[in-house]
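From a predicted model like this one, the values you see are computed outputs, not experimental measurements.
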Amino acid sequence: MQPDTEMDAAFVFGSFRLVPGRHVLLKGARPVKIGGRALALLHLLVMKAGTEVSKKELMEFAWPKVFVDDQNLKVHIRSLRRALEDTLPHPTYIATVVGRGYQFVSAVQVERVHAADLDHSYEQAEQSLPAAPHLIGRDGDVAAISRSLGETRLVTLVGAAGVGKTSLAVAVAHTWGAQFPDGVYYVDLTVTDDQAMVSHLIASSIGVRGDPGDVGTAIADHLRDRRSLIVLDNCEHVIAATAAFAQQMIDAKIRSCLLTTSREPLGVATEKLQRVEPLPFPASPGEMTASQVLEYPAVGLLAIRARESADYHLSEGDALVAAQLCKALDGIPLAIEVAAAQLDHFSLEQLHASIGRSLYAFPHRGGAHARHRTLQATLDWSYRLLSEEEATLFQLLSVFAGSFEWNDVTHMARLVQYDPYQTTTALGSLVAKSLLAADILDDRISYRLLESTKRYAAQVLSSAPISWNANRHHAQLVLAVFQQAAAEWRSTDSVAWRARYGPKVGDLRKALDWCFGDAGDASLGVDIAVAAIPLWNEQSSFVEQLLQVARALEQSPPGIDKAFQKAALAHARAYMMNLARAPRSETTRAWDRAVELAEQSGDLGRRLRAMFGKSVFLIYSGRNNEAVELIHQFLALAHAAGDRGSIHDGERLLALPEMHLGKLVQVRTKLEQLAEDLQQGVPPSRTTRYRQERSVSIHSTLTFSTWLTGHQDRAIVMMDAMVSTVDAVGGLHNIISLVALPIAFWSGDRDRVRQYLSTLERGPEGENIRLWEPVRRFYSAAAADSAEPSARISMMRSALDELVSDRILLRTPMYAGILAEALLNASRVAEARDAIATALALCEETQELWCRPELLRIRAAVLYALGRTAEAQAILAQAQGQALAMGAQTFALRILADLEKPQAADTGPAGGAHPPECSPGLRID
């Protein structure tokens, strides 16, 4: 019999199953997030369950042929214990053999499992939310906060620094997450000190890409009918902006809830306050038994952290001193953790005495202020115990906005010429002393300073001689990171690229704030802003990019050496203004400036990109003749340079305004040749990120021209293939709005229309639909056959008016024609007459002659409804002639259908109206 190769061995203990062959740890049926090194350590421990495993053996197993120190092993063991929920004073699974190693103390069974049972796609938790913490003594707080979230839209956790507000908020979010089917989102506000950035940070975190003029309204619109939980952590330093945001959300009557943490209330009228008090500790421990003392949460936390940080096991004999220490520290969790980490250097009695002397240096005051003083004194005490190398590194690491990794640490350490050994030793010591948190991310260790310790370290650094150099060194690191990101941007998958560099945005903001501050380095800031442009574009960060680019342009030093950077910044500003629907006059000036600076830079690629970008803007603005003229200049420049890639790009872009101008057959022929050339191989593009973007650009216009020239069935097949392709490379909103929706609508395919509208509404990450939002609303109303006509017409008119007002005139003649036909169908003939007159006027203004035959057909239908039959027939004949002349066979067939309906003159006001879907069977395929 052949062995069953689909079976795997699993180690089973408690509610967990470890399957080494699949590199997975399961709790029940769900995978536990754990790094590869920690998984390897667990594998060895369970294989030798009941036996001591030395530190050397563990390190050789998990890091073969790699030197690591004991502290690295300790970080992974701590991570492993938390993954196994083994955090109580008495170990459930992994026991420490003091000074020697570790032992797996739980019973382990080995069983065979089917591989197929492990190949499930498990639902992942919300990525923005930190891992669920193990709380001590907070069950009552979690229950109270949960009740409050069920009663009100805004709950604020208020308490002193280090009291555990963040951990409590994160725990509630995990515990109560199922009550929020539309998502749980975590926003760390420590990454900025700029009040103006608060709404933008929230918008980015929840996936809203809003109008820079009113991000709050965009967020409110997004949340109004969604049941989400948004956790806003550490609000106190931006409390005015946070309060204003919360008030706006309350006023908008959103269904979502806000859970905020702050050292003081936001001051919003409907805010429900939840005071977060220190952990309970024995007030009179001398009158209690040891077992009673050890049941207090503050003492329990001390016991857990002592075991994790220093392998120190509290005994009943320690109970009295432990209680006195917790009382001296006011039960503040962070202070207890910092103190516990020193138990590998002090006995419990020595620790209590040493901390006590530091606390007595502060005058006694009551309430929250006293607790803040307690934490400050504890941090002062712990800082004084650091070696010079540890203290210096502690200061240097405060420059980071959030998490950082080993390479970041070594970069900062080079400022003070520390070698790898010095850096490793100091870093490990800071982790061991709980001044620095270490987290396992896949197989990497990421580090972070908790907010209270980071502010303390930054305060110390601010008065140190190396302060200016430290901030500049950090800014140089950020520049290197984003220069690397820019280099990888064109060749790396978009999702993977954003996952790699998106988390660096906090350090980007911090570096720019320093560079553009009073004592910063503006020239360095300009370089950073240029390098960050791809990230802002990928994230559609309108507000941030416009603010930061404006700062960089304003502070950019004069001189030819920064000409390229200025050109890049001006281009980025114009591009974002276009997407953000900024006033057309301002955007026109921005593009003019971008082209001017690009020419001054002397860089061919920069000039071509600026001309290409402005040409797209002109097309979207309905200025097709101007676009054709500028693209011809682009092509002349590309031909003179022998740049075949740019020539190809210019020709494919030129096809779009030429199609609008009515050159349908010529455009279709040109695009078929361009598609074939691309298949054969074209040099790299200066204007697009992926080769496939060129293909999408060609085939979108080709699909539309194929449909217009009468090959409807073929066009629909092309459209379906293109939409599925575009979904993988970006630009989906453009294709749906400009190609897929009009074809599906005119073909009478309501299922496809609804499918495309749903895609537009969802909005994929990294793509902004602000530009296309009125288009979505227009088609939603136009395709809502069951809706009340006046409501549909009102929504269509509102969307069209918005586009015209913003001077985004692309396709507006077509939208006005559809509106006129809807009015005619509703027997509102006079309004239909005005609407078709507007459509024809827009047609003349934009020179979108491609749709003029269809607009004339609708005008004839209005004339029929007015009883002016002879005029109607003459207009139809004119429309037919124009359609045939430009090769618009689809429109010609629609016009022919109207010409063959002599009863139209006798059917009353609505009889002459033939909605696009009334003649879907007319094809020449």
Side-chain angles (χ1 to χ4, degrees), residues 126-130 185-210 212 215 219 230-234 237-238 241 397-405 407-408 411 439 441 446-449 451 454 471 474-489 492 494-517 524-552 569 572 576 765-768:
E126 171 58 49
Q127 293 302 306
S128 70
L129 191 63
Y185 303 94
Y186 173 82
V187 186
D188 182 4
L189 295 178
T190 63
V191 299
T192 185
D193 291 324
D194 187 350
Q195 303 267 358
M197 290 301 299
V198 169
S199 291
H200 170 70
L201 285 173
I202 298 167
S204 297
S205 297
I206 67 176
V208 172
R209 309 289 187 254
V215 181
I219 296 172
I230 297 92
V231 180
L232 305 180
D233 195 19
N234 296 295
H237 65 298
V238 284
L397 297 181
S398 71
V399 299
F400 292 106
S403 297
F404 48 90
E405 296 184 11
N407 289 338
D408 304 318
H411 174 88
D439 303 304
L441 182 63
S446 74
Y447 303 93
R448 58 188 169 86
L449 286 164
E451 179 57 20
K454 181 165 64 177
N471 282 289
H474 171 252
Q476 289 173 325
L477 173 62
V478 170
L479 174 61
V481 166
F482 282 97
Q483 284 178 333
Q484 179 66 28
E488 295 176 4
W489 180 68
T492 306
S494 181
V495 174
W497 189 90
R498 284 200 301 271
R500 185 178 307 159
Y501 293 107
K504 302 291 185 182
V505 72
D507 283 305
L508 171 63
R509 294 181 185 119
K510 189 166 185 181
L512 288 173
D513 285 345
W514 179 82
C515 286
F516 295 135
L524 178 57
V526 170
D527 292 339
I528 294 172
V530 171
I533 287 170
L535 178 73
W536 289 323
N537 287 344
E538 277 292 304
Q539 294 184 331
S540 295
S541 302
F542 290 170
V543 175
E544 183 154 16
Q545 181 162 351
L546 288 171
L547 287 175
Q548 302 286 21
V549 166
R551 281 206 297 181
L569 291 167
M576 273 295 165
E765 183 182 357
E767 243 187 275
N768 194 283

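Proximity of a side-chain donor or acceptor of Lys454 to a complementary backbone N or O of Ala401 within less than 3.5 Å is detected.
Considering all non-hydrogen atoms of both residues, Gly525 and Leu512 come closest at O-CD2, 3.5 Å. Trp497 and Ala485 make their closest contact through NE1-O, 2.9 Å (heavy atoms, listed as atom of the first residue, atom of the second, distance). A pairwise comparison of heavy atoms in Val399 and Asp507 identifies O-OD1, 4.2 Å as the closest pair. Among all heavy-atom pairs drawn from Val481 and Lys504, the shortest one is CG1-CG, 4.2 Å. Closest approach of Ala511 to Ile528, counting heavy atoms only: CB-CD1, 4.2 Å. Between Arg509 and Met197, the closest heavy-atom pair is NE-CE, 4.0 Å.
Side-chain N/O atoms of Gln484 and Tyr501 include no donor and acceptor closer than 3.5 Å.
Counting only heavy atoms from C-beta outward, the side chains of Phe482 and Asp527 never approach each other to under 4.5 Å. Residues Asp408 and Tyr447 are not in side-chain contact: their nearest non-hydrogen atoms beyond the backbone lie 4.5 Å or more apart. No side-chain heavy atom of His411 sits under 4.5 Å from any side-chain heavy atom of His474. In this structure, Leu547 and His200 have side chains that are not in contact, with every pair of non-hydrogen atoms separated by 4.5 Å or more.
A salt bridge is absent between Asp188 and Arg448; no separation between the charged side-chain nitrogens and carboxylate oxygens falls under 4.0 Å.
Classified by interplanar angle (parallel below 30°, tilted 30° to 60°, perpendicular above 60°), the ring pair Phe404/Phe400 is parallel.
In this structure, CG in Leu232 is found 4.5 Å from CD1 in Ile202, a value given to the nearest 0.5 Å.
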